[in-house]
Amino acid sequence: MVKKPHSSKQRFDRFKTQLGESVKSGDYASISTGRTATERTRSFLELLKAFFAMIGRAKKDIFWSLGFLTIGSTIGLIPPAATKIVFDNILGDQPLPEKVVSYIPSLSDKITLLAAIAIGTVTLAIISLCFSVRARWLATKTTKRIQVAIRRSAFMHASSLPLHRVHQLRSGGAASLVREDAGAIGELVFGLCYNPWRAIIQLFGILIILLFVDWRMLIGSIILLPIVFFTHRTWISRIRPMWRSIRGTRQYCDAMVTESFGGARVVRSFSRQRTESTSWIRSNHLLVRKELLAWWWSRGIDIAWSVLVPVATGALLWFGGWQVLNDSKLLATGAITQSQAITAGDLVMFLTYLALLMGPLATLAESATQLQNSLAALDRILDLFKEPTEQDEHKGGIFVSRDSSRGEITFDNVSFQYPGSEIDVLNNISFTAPSGKTVALVGPSGSGKTTLCNLVAAFYNASDGQIELDGSPLQDIDLHSYRTLLGIVEQDIFLFEGTIASNIAYGKRGATKEQIETAAKQAAAYEFISEFKDGFETEIGERGVKLSGGQRQRIAIARALLADPRILILDEATSNLDTHSERLIQQSLSTLLKNRTSFVIAHRLSTIRDADLILVLDKGKIVESGTHDELMNRSEHYHDMVVLQTHPQN
């Protein structure tokens, strides 16, 4: 009986419970929580160092951006000081300092002074704006450059992971990881550098100005600073695990969509659209619940500031107003001088800067909240970069090429288990595929034929034993150079969205039109391609959906012919061809197999009878080996298989 899946509410309750639990070192991020041990061990400083190490030369542009931002923000702090002059010297009765009037006598006229203040304020605002726009443009451009660079690195690393890890990620999940998580790291330019730096410049600039106005009111305003740190410690440290989990769940949902649409034929043939939709909606409900939880935690900071800012402003307004009234009385009695008194202009200017002070404080608190989202993305990308690639498993530095390699493949007591499994798919396989010879693999389904070819292609490493190329272990050979020797035609043909010509030319960079057409003719594909209106420039759609199975297979064979590999793998390469098409390409296959080491998986006798060596596999072991004639004479297993194929029972 199929176990009924948990509801989104049950999974969400388990998620909240797991948020408070510890995690074991080396755990992979789970779909339910998205948490790993590295989440707890990477401190903010470690993530900060990792970020600046990743952005490389972009640091220079960030520093230039912060430089322009510093100038623009500093200039932007000057205009609010004009409120004191307006209230005290224009609306009030206080005269300007004598030194100012002696230099510019016209300022003694209040209308002229008001005009000068207005023009100066606008001029400074425009200058500040110019520097700020320049700073933001540099930061934005740098963000996009970092996103492109990290997405490229993430794509290259993810595509180089061992095949079993690629299958675990699934195509939609990998796309989400590369697009969203890698892209979010670029936003750290603003969340980690630009916005906090602007807030810090404004914060300290305003505090210095307030210090000159009245140090007592300054003390009252800086009481809010510890609250910023307190909110960071109590709220922010809890938010990053939530955002990490949200990103993991979103990746899972994206993978479900890709898988469901990729298997649309199967889904529809079993009428399972409603089931797939329900499963996806259930996961999206879980995603929404997590996002709402993170929203409430983030809004907790906003709510706190929405209460604290009016309270602090009201308290300082009362204190400042009382101070003005009290100083007016003391001034009238001669207890203090005019320079010692706090005027209405001082109070208005103080409150203006105080209002401005709330901005950078709120920005710091908000940036700290948003920062956790980007840091969670950085955390996940760092986890990705820590995973070993295929190349890491091939430590050797031996480079091979078609000219230097003979193509002899040797299996020496090779056994293989798929990662995470304890069952041997291949067991003590030993044989030699001589250079330029054809090895046919036959046996019932599940006997290990495709797995053996996957080991030849270095998609997996042997669990035990050794595979050699021309006497050198595959682990000692550079993987990329080894793959240049390979050509593969599988039963499940994969074609890329694009034209027929681009798919045939995929295996050979810089292929000419004549070479593409010749390969198509050899693969018996030229005739049907010519029938299309656009010929070789015909768009075939995703995975070649506009072509029949036989047409896709012939294009794949043409692709292998054009690549001219040293080692060729044919996995049921003619299975989707009718008898007429198979006859058309038999000669081409003979040409393709000539003078190259070939591994052929086939059930049709016409494909394997001319092989130089036939390996009969059963349950992961080689039970017989030899030529067709030899096996027909001494192998009952092989003989019965051939008779069954050529003379099927009615």
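Scope of the values below: all heavy atoms of this structure, side chains included, with no hydrogens, waters or symmetry mates.
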Q: Report, as yes or no, whether the 6.0 Å neighbourhood of atom CZ on F385 holds more than 12 heavy atoms from other residues, nucleotides or ligands.
A: yes
Show the atom names and distances, to 0.1 Å, of all donor-acceptor pairs under 3.5 Å that link a side chain in residues 188-211 to residues at least two apart or in another chain.
residue, atom, partner, partner atom, Å
W197, NE1, T70, OG1, 2.8

Any T499 side-chain heavy atom under 4.5 Å of T538 side chain:
no
> Can you tell me if T142 uses its side chain to pair, donor with acceptor, with the backbone of L138 under 3.5 Å?
Replying inline: yes
Look only at the side chain of H157 and the backbone of T389, and say whether a donor-acceptor pair between them is shorter than 3.5 Å. no
H480 meets the ring pair (Phe, Tyr, Trp, His ring centres under 6.0 Å) criterion, sequence neighbours left out, with none
For G186 and I146 the tightest heavy-atom approach is CA-CG2, 4.0 Å
Quiz: residues 119-134 side-chain donor-acceptor pairs under 3.5 angstrom, not counting sequence neighbours:
residue, atom, partner, partner atom, Å
T121, OG1, I117, O, 2.7
T123, OG1, I119, O, 2.8
S128, OG, G72, O, 2.6
S132, OG, S128, O, 2.8

Q. Do other residues, nucleotides or ligands put more than 12 heavy atoms under 6.0 Å from the OH atom of Y506?
A. no
Closest heavy-atom pair, M54 versus I381, reported as atoms and distance to 0.1 Å, is CE-CG2, 4.2 Å
CZ of F51 to CG of L375, rounded to nearest 0.5 Å, is 9.5 Å
Are there more than 12 heavy atoms of other residues, nucleotides or ligands under 6.0 Å from atom NZ of K141? yes
The reported gap from CG in N503 to CD1 in I540 (rounded to nearest 0.5 angstrom) is 4.0 Å
G56 and K59 have their tightest heavy-atom pair at O-NZ, 3.1 Å
So CG of D379 and CD of E46: to nearest 0.5 Å the spacing works out to 9.5 Å
Between the CG atom in L66 and the CD1 atom in I71, the distance rounded to the nearest 0.5 Å is 11.5 Å
Check the pair E539, D534 against side-chain contact (heavy atoms from CB on, under 4.5 Å), reporting the backbone distance first and the verdict last.
-> CA-CA 8 Å; E539 295 285 340; D534 296 324; over 6 Å; no
Interatomic distance, CD@Q147 vs CD1@I185, rounded to 0.5 Å, equals 9.5 Å
